[in-house]
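The structure appears below as structure tokens.
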Amino acid sequence: MIFKRPKIALIGGGKIGSLLAQMCSYRQLGDTVLFDITANFTKGVALDIAEASRTEQFNVNVTGDHEYQSIENADLCIVTAGLPRKPGMNREDLLVANAKIIKTIGENIKLYAPDSYIIVITNPLDAMVTLMQATTGFPKNRVLGQAGVLDSSRFATFIATELGVSVQDVNALVLGSHGDMMVPLIRHANVNGIPVQELLYRKYGNREKADQVMHDIVERTKKAGEEIVKLLGNGSAYFSPASSAYMMAEAIIYDKKRVVPACAMLEGEYGIEGYYAGVPVVLGRDGVERVLEIDLDKKERELFLASVDVVVKLKEDLKQLGYI
Ligand code: APR
């Protein structure tokens with residue numbers, strides 16, 4: 001029997017791409033190619049990581065390149081190429097600049113890695129995933145976006161800090177588009193099964209105060225990317241996006257069947273037809289193996305549909321611009 005190590009192409013060798021190269025190598029997820037348009041930078045990053053192989057004790061290959069041929073026969077492509085947000089810019093402002101880049105990358109993935117799975121991270125996320133799927137023509141289970149894992153992780157972090165409990169015991173889900181209209185699900189947030197709303201009520205002894213604190217956590221979650229952009233002053237978050245994408249990559253490569261929120265194509269689920277949006281999915285060997293539908297109450301559903309409207313508009317913009 002011939003065993004083949006998975007090949008991971010990281011397309012975009014900036015902050016998130018470089019961190020992912022380190023994670024994929026140190027944790028031996030597979031052989032990694034770090035691709036970027038810059039000629040030498042990714043070669044330097046990859047060599048630097050490779051030179052840690054003795055001390056970190058890993059046996060996979062990591063290389064940097066700027067020729068598309070280097071991604072040939074990749075099993076998994078993680079796309080971060082593009083421009084990050086600058087202070088004052090929203091994710092939609094990036095649409096025009098990044099659409100051009102994603103289209104070129106999609107064409108090259110189709111050419112060199114036609115059987116690969118693709119996780120897109122580049123913003124505006126929902127539009128870039130839509131464009132990637134349209135450009136490659138890959139089946140919907142093989143093209144998905146990273147956003148929900150990160151948004152939910154942020155939501156869980158803020159809840160854990162507020163309640164003084166381990167974040168490991170917090171389950172919190174964020175649905176919808178990756179932007180200001182995302183929908184952190186208050187009713188479903190729990191600490192090992194105990195509703196967060198109930199724990200906040202016990203903490204404050206007053207329903208109004210508990211609701212206010214929850215509201216503040218939800219608002220902070222929605223603006224969490226912007227909070228980091230402002231603090232960094234140059235560029236956007238990279239540790240947590242890399243960590244979220246790595247978790248998704250591992251779920252696919254190890255066929256883990258993880259249940260995570262991801263930007264996936266909806267064809268009838270949640271009453272949506274033909275649009276990408278953040279929903280819970282089962283992630284395994286076949287990529288998005290299933291979209292899980294959960295009951296939303298009237299208010300949650302309204303918020304979710306308003307969030308999907310953002311994606312509808314972005315898709316319309318892509319059409320107007322002639323990208324799809
Ligand atoms: N092909 C390949 N790489 C490209 C291309 C291209 N056509 N155009 C730009 N790049 C590269 C840049 O050279 C840069 O190295 O994409 C990289 C982006 O890296 P950073 O600017 O460091 O951005 P990063 O923080 O990694 O974020 C990447 O993820 O969260 C999103 O909004 C964020 O869209 C941004 C993306």
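In what follows, every heavy atom counts, from backbone to side chain, and hydrogens, waters and symmetry copies are set aside. As the structure lists them, so they are numbered: ligands from 1, and atoms in each ligand from 1. It should be emphasised that the depicted structure is a prediction, and the values quoted were computed from it without experimental measurement.
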Practice task
Mark yes or no: Lys209 above the aromatic ring of Tyr204, with NZ or CZ under 6.0 Å from the six-membered ring centre and no more than 45 degrees from the axis.
Solution key: yes
Practice task
Using modelled atom types only, decide if a donor and an acceptor are shared between the side chain of Thr32 and the backbone of Ala21 within a distance under 3.5 Å.
Solution key: no
Exercise for the section: Report yes or no: does Asn108 contribute a side-chain atom to a donor-acceptor pair with the main-chain N or O of Thr104 at less than 3.5 Å? Expected result: yes
Practice task
Indicate yes or no: does Asp211 engage Arg207 in a salt bridge with an N to O separation below 4.0 Å.
Solution key: no
Exercise for the section: Give yes or no for whether the N/O distance cutoff of 3.5 Å, strictly under, is met between Gly82 and ligand 1. Expected result: yes
Practice task
Could you list which atoms of ligand 1 come closer than 4.0 Å to a heavy atom of Thr122?
Solution key: 34 (O)
Handout entry: Nearest atoms (heavy-atom pairs only) where Ile324 meets Lys315
Key = CD1-CG, 3.6 Å
Completion exercise
If we number the atoms of ligand 1 from 1 as shown, the ones under 4.0 Å from a heavy atom of Leu83 are 34 (O), 35 (C)
Problem - Axial cation check for Phe138 ring with Lys110, 6.0 Å and 45° limits - result: no
Practice task
Return a yes/no value for Lys15: is any of its N or O atoms, backbone included, closer than 3.5 angstrom to an N or O of ligand 1?
Solution key: yes
Practice task
Have a look at Ile16, Asn108, Thr80 and point out the one with the heavy atom closest to atom 26 (O) of ligand 1.
Solution key: Ile16
Exercise for the section: Compute the ring centroids of Tyr112 and Tyr68, then answer whether they are less than 6.0 Å apart. Expected result: no
Problem - Those atoms of ligand 1 less than 4.0 Å from some heavy atom in Asn123 - result: 30 (O), 31 (C), 32 (O), 33 (C), 34 (O)
Fill in the blank from the handout: Short version for Pro241: what comes under 4.0 Å of ligand 1, heavy atoms counted, is neither
Handout entry: Proximity of Phe35 to ligand 1 by residue part, where a heavy atom lies under 4.0 Å
Key = side chain
Practice task
Report the member of Thr104, Ile37, Leu10 with the shortest heavy-atom distance to atom 1 (N) of ligand 1.
Solution key: Ile37
Handout entry: Where ligand 1 meets Ile101 - atom numbers and elements under 4.0 angstrom, heavy-atom basis
Key = 5 (C), 6 (C), 7 (N), 8 (N)
Problem - Tyr246 and Glu250: side chain donor to acceptor below 3.5 Å - result: yes
Problem - Under-4.0 Å heavy-atom contact with ligand 1, by part of Ile11 that carries it - result: neither
